[in-house]
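Written out below as structure tokens is the structure these notes cover.
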Amino acid sequence: LLEERSYPESGKALWAASWGQAVNDKRIMVKAKVLRALGRVAFTLDKRAFDEVEKLWRYVQSTPQRGNAPLLVDIAWYVEQVKDKRFARPLAEALDEPVSTSNDGTNPPASWWEEKWHLWNESKAGVHAALKALTGEDFPSTEKAKAWIEAHAKEGFDW
């Protein structure tokens, strides 16, 4: 396994050899396993790398496919290991069960909501574990997590 062969000094090289390679741009599961390896060696992402991981998280959330749930679990596992507070908001936004709240023309089709629900259901345990590792709290909803995060801004949390 990639994560078993990694060592603390290998974080930058591992990032460059994976996320930095154009061949891996669309290979998101490869990127997920790289994050597990980086988490194992407690490698903290710099601003650029964080932005890339957050962009991938948001892409997967906005174009749901249940097969991508392991990616979210791996990102959450990475966050749980390194305790990167920058991920508090994306994790908190993924707490609530997805439900359609609109019947207008902008509402995605039922198939989108079904995939979104499966993505949420298959990643929720990892999301909860990562958020609890970051905050020490087990939030029942995005609303509660948001309030907590906003109240703890002085500790480096940001909504």
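It should be emphasised that the depicted structure is a prediction, and the values quoted were computed from it without experimental measurement.
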Would you compute the distance between atom [atom1] of [X] and atom [atom2] of [Y] and round it to the nearest 0.5 angstrom?
{"X": "Lys85", "Y": "Leu134", "atom1": "NZ", "atom2": "CG", "value": "8.5 Å"}
{"X": "Lys31", "Y": "Leu38", "atom1": "NZ", "atom2": "CG", "value": "12.5 Å"}
{"X": "Trp57", "Y": "Ser123", "atom1": "CH2", "atom2": "OG", "value": "6.0 Å"}
{"X": "Gln61", "Y": "Glu54", "atom1": "CD", "atom2": "CD", "value": "11.5 Å"}
{"X": "Asp46", "Y": "Glu52", "atom1": "CG", "atom2": "CD", "value": "8.5 Å"}
{"X": "Leu72", "Y": "Trp77", "atom1": "CG", "atom2": "CH2", "value": "16.0 Å"}

With a 3.5 Å cut-off and no angle check, do the side chains of Asp96 and Thr142 form a donor-acceptor pair? yes

With no hydrogens and no angle check, do the side chains of Glu97 and Trp117 hold a donor and an acceptor under 3.5 Å apart? yes

Can you tell me which residue pairs pass the salt bridge (charged side-chain N to carboxylate O under 4.0 Å, His left out) test with a partner in residues 135-145, sequence neighbours excluded? none

Quick one: closest heavy-atom pair of [X] and [Y], and the distance?
{"X": "Gly67", "Y": "Met29", "value": "O-CE, 3.2 Å"}
{"X": "Asn24", "Y": "Ala17", "value": "ND2-O, 4.0 Å"}
{"X": "Gly39", "Y": "Gln81", "value": "O-CB, 3.5 Å"}
{"X": "Glu80", "Y": "Ala133", "value": "CG-CB, 3.6 Å"}
{"X": "Glu115", "Y": "Pro64", "value": "CB-O, 3.4 Å"}
{"X": "Ala42", "Y": "Val82", "value": "CA-CG1, 3.8 Å"}

So, Gln21 side chain and Ala16 main chain: donor-acceptor pair closer than 3.5 Å or not? yes

Check whether any side-chain N or O of Asn68 sits under 3.5 Å from a backbone N or O of Val60 as a donor-acceptor pair, and report yes or no. no

Single-linkage hydrophobic cluster [X]~[Y], side-chain heavy atoms < 4.5 angstrom:
{"X": "Val34", "Y": "Val73", "result": "no"}
{"X": "Leu119", "Y": "Leu56", "result": "yes"}
{"X": "Val127", "Y": "Trp159", "result": "yes"}
{"X": "Leu45", "Y": "Val41", "result": "yes"}

Does a sphere of radius 6.0 Å around CZ in Phe50 hold more than 12 heavy atoms from other residues, nucleotides or ligands, not counting ones at 6.0 Å or beyond? yes

Would you mind reporting whether [Y] and [X] have side-chain heavy atoms less than 4.5 Å apart?
{"X": "Ile75", "Y": "Phe87", "answer": "yes"}
{"X": "Tyr78", "Y": "Arg36", "answer": "no"}
{"X": "Lys33", "Y": "Asp74", "answer": "yes"}
{"X": "Leu95", "Y": "Trp120", "answer": "no"}
{"X": "Tyr59", "Y": "Leu71", "answer": "no"}
{"X": "Trp113", "Y": "Val99", "answer": "no"}

salt_bridge([X], [Y]) N-O dist < 4.0 Å:
{"X": "Asp51", "Y": "Lys47", "answer": "yes"}
{"X": "Arg66", "Y": "Glu114", "answer": "yes"}
{"X": "Arg58", "Y": "Glu93", "answer": "yes"}
{"X": "Arg86", "Y": "Asp84", "answer": "yes"}

Centroid-to-centroid, Phe157 to Trp148, below 6.0 Å? yes

Go through the steps for Phe43 and Lys12 under the test side-chain contact (heavy atoms from CB on, under 4.5 Å), then give the verdict. CA-CA 8 Å; Phe43 179 77; Lys12 285 185 180 181; 3.8 Å; yes

Could you walk me through whether Asn107 and Ser100 pass the side chain to side chain donor-acceptor pair (under 3.5 Å) check? CA-CA 7 Å; Asn107 192 24; Ser100 174; 2.8 Å; yes

